[in-house]
Student: 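Would you mind keeping the following structure in view while I ask a few things?
Just the heavy atoms: all of them, side chains too, but no hydrogens, waters or symmetry mates, feed the values below. A note on names: the letters A, B, ... follow the listed sequences, proteins ahead of strands, and every chain is numbered from 1.
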Protein chains: 2
Amino acid sequence: MSPRKTESAKTVLIQAATDLFRRVGFLAATVDDVCAAAGVSKGAFFHHFESKEALAEACLRQWKDMVGVMVASAPYQSMSDPVERLDGCMNFFIGLFEKPESIKSCLAGTTVQEISETHPKLRDAANECFVTSNRLLHGLITEAATHGGRQVDAASLAAMWTAGVQGALLLYKASQDDHVIRSTLTHIRDYIISLVKPASC
Amino acid sequence: MSPRKTESAKTVLIQAATDLFRRVGFLAATVDDVCAAAGVSKGAFFHHFESKEALAEACLRQWKDMVGVMVASAPYQSMSDPVERLDGCMNFFIGLFEKPESIKSCLAGTTVQEISETHPKLRDAANECFVTSNRLLHGLITEAATHGGRQVDAASLAAMWTAGVQGALLLYKASQDDHVIRSTLTHIRDYIISLVKPASC
DNA sequence: GGGATTATACCGACCGGTTGGTATGTTTCA
DNA sequence: TGAAACATACCAACCGGTCGGTATAATCCC
């Protein structure tokens, strides 16, 4: 009855694989594991994707799009003050990792470490996610800075934020203590805001 | 002729495996690959290590020790001003990734992403590396702060630095552009220093 | 309209290369 | 000479991917 019954298996596979890859990684997740998680046969898998790598590529593309959509529909978008909007954006992301049930892992970050040297295609797909994230932040930072009459290197600050997110998630995986996420991202947020808002003295 | 001829294979294996793991990761590096890189037979491998996991554990332990040693013998240690010493420490690490021939990858960071969910022992060993790094930074930060008469959350700042290093390396792997490393770490350094040095206004 | 043809989605047994690990020696050296 | 340090051949499990086949529905042709 769904509008596209024919594509359901493909969609389910991408969703299940994304979850699994985020949790255990691309290499550790078996094709059979993905099939089991998706409730789909192996035949169906290779009917829709020519390889495990192709599936991961599809996952990363969807991940990139999701970042964009999530951001576009986020609450902070409505704020009129550019500095507050930038602040709201970063707080929005900090809040994402607050919920206990959320998977504290980025598909792009998890994947790129495992395959950067062996699967250039996946590496590029993952990099696209970071580029998207950076572009978004870059825009918000420049707007906030020009509004505050200050000059900043928006690109490097955006990259700093993205790096902070990835590093914080990595430290969380090692320590299993989600405090690191909030505390480091809060620091980075404060730093960026301090450079962007009108100088105080 | 070396004082410990008997341990040479073990040492060589750890060194070769560390390099290989840093480059391609723990899962992608085969036992045979490690043996080939070390110029050692498979029999020798399993004579010294009961499993691939055990080898990785040994690598991580040595990695942790190496961080400590490297830091202890670093040039910034001689500086008398605590703020300069902290600054020197961070600059020292920034410089490490400057050399083109250096492997821009942290064994602990690379490993933990792949195995945090499947090999708790390795996860803990990797976490120990971060704890060591944090402890070191924590000390330098508190000294600098108290000397400057300022109050800071040294622990969260230390974690922020460690997260920054890991995130920057990850972004480098994705983009293959080593500018991110210097630029993000420089930002974090500036932030930490600004919180630690005597207030200016 | 309705039989024939074709395309799509899916199934699951199976294949062959790979991989971590072992069994059985041979060499080295104290 | 005996134990530790290696080497070589081998194994069983696993894993990505294939293959022959089925069910269903859309398309074509008269």
Student: Any idea how B:Y76 and B:F92 line up, ring-wise: parallel (<30°), tilted (30 to 60°), or perpendicular (>60°)?
Tutor: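 Judged by the thresholds at 30° and 60°, the geometry between B:Y76 and B:F92 is tilted.
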
Student: Can you work out whether B:S41 or A:L27 has the more 5'-proximal nearest nucleotide on DNA chain D?
Tutor: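 By nearest-heavy-atom nucleotide position, the 5'-most residue is B:S41.
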
Student: Quickly work out the A:K42 NZ to D:dG21 C1' distance and round it to whole Å.
Tutor: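 It works out to 18 Å between those atoms.
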
Student: Whether the side chain of A:K52 and the base of D:dG17 hold a donor-acceptor pair under 3.5 Å is what I'd like checked.
Tutor: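 By the distance-only test, no, there is no pair.
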
Student: Salt-bridged, A:E143 to A:R85, with N to O below 4.0 Å?
Tutor: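 Looking at A:R85 together with A:E143, the answer is yes, because their closest N to O distance falls below 4.0 Å.
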
Student: Distance check needed: D:dT18 C1' versus A:F49 CZ, whole Å only.
Tutor: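 Between C1' of D:dT18 and CZ of A:F49: 18 Å.
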
Student: So, does A:H47 get its side chain near the phosphate of C:dC10, meaning an N or O under 4.0 Å from OP1 or OP2?
Tutor: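 So the side chain of A:H47 is outside the cut-off, no N or O lying under 4.0 Å from OP1 or OP2 of C:dC10.
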
Student: Looking at B:L157, B:L86, B:T162, B:V71, which one forms a side-chain contact (heavy atoms from CB on, under 4.5 Å) with B:L137?
Tutor: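 Looking at B:L157, B:L86, B:T162, B:V71, the match for B:L137 under the side-chain contact (heavy atoms from CB on, under 4.5 Å) is B:L86.
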
Student: May I have the distance from A:F46 (atom CZ) to C:dC14 (atom P), rounded to whole angstrom?
Tutor: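 Rounding to the nearest Å, CZ of A:F46 and P of C:dC14 are 18 Å apart.
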
Student: Can you tell me the distance, in whole Å, between the CG atom of A:D33 and the P atom of D:dC14?
Tutor: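 Distance, rounded to whole Å: 12 Å.
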
Student: Does C:dT19 have OP1 or OP2 sitting under 4.0 Å from an N or O in the side chain of B:T30?
Tutor: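 Looking at the OP1 and OP2 atoms of C:dT19, one of them is under 4.0 Å from a side-chain N or O of B:T30.
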
Student: Using whole Å, what does the distance between atom P of nucleotide D:dG16 and atom CG of A:L55 come to?
Tutor: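 The distance from CG of A:L55 to P of D:dG16 comes to 11 Å, rounded to the nearest Å.
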
Student: Measure the CD-CG distance between B:E98 and B:D178 for me, rounded to the nearest 0.5 Å.
Tutor: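 Rounded to the nearest 0.5 Å, the CD-CG separation comes to 7.5 Å.
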
Student: Taking the nucleotide of DNA chain D with the closest heavy atom to each, which residue, A:E50 or A:A28, is nearer the 5' end?
Tutor: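 So the residue in question is A:A28.
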
Student: Please state how far atom CD in B:E53 lies from atom C1' in C:dT19, giving the value in whole angstrom units.
Tutor: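 Rounded to the whole Å, the gap is 16 Å.
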
Student: For A:K197, look at atom NZ and say whether over 12 heavy atoms of other residues, nucleotides or ligands are found less than 6.0 Å away.
Tutor: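 12 or below, so no.
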
Student: Distance check needed: D:dT8 C1' versus B:D32 CG, whole Å only.
Tutor: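 Spelled out: CG on B:D32 to C1' on D:dT8 is 12 Å.
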
Student: Between C:dG20, D:dA7, C:dC10, which one does the side chain of B:A44 approach most closely?
Tutor: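 Closest nucleotide among those given: D:dA7.
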
Student: Let me know the distance between CG of B:L13 and P of D:dA5, rounded to the nearest Å.
Tutor: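 Whole-Å distance recorded here is 13 Å.
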
Student: Let's see if you can work this out: which of D:dG17, D:dT8, C:dC10 has an atom nearest to the side-chain heavy atoms of A:H48?
Tutor: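 Between D:dG17, D:dT8, C:dC10, the one nearest the side chain of A:H48 would be C:dC10.
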
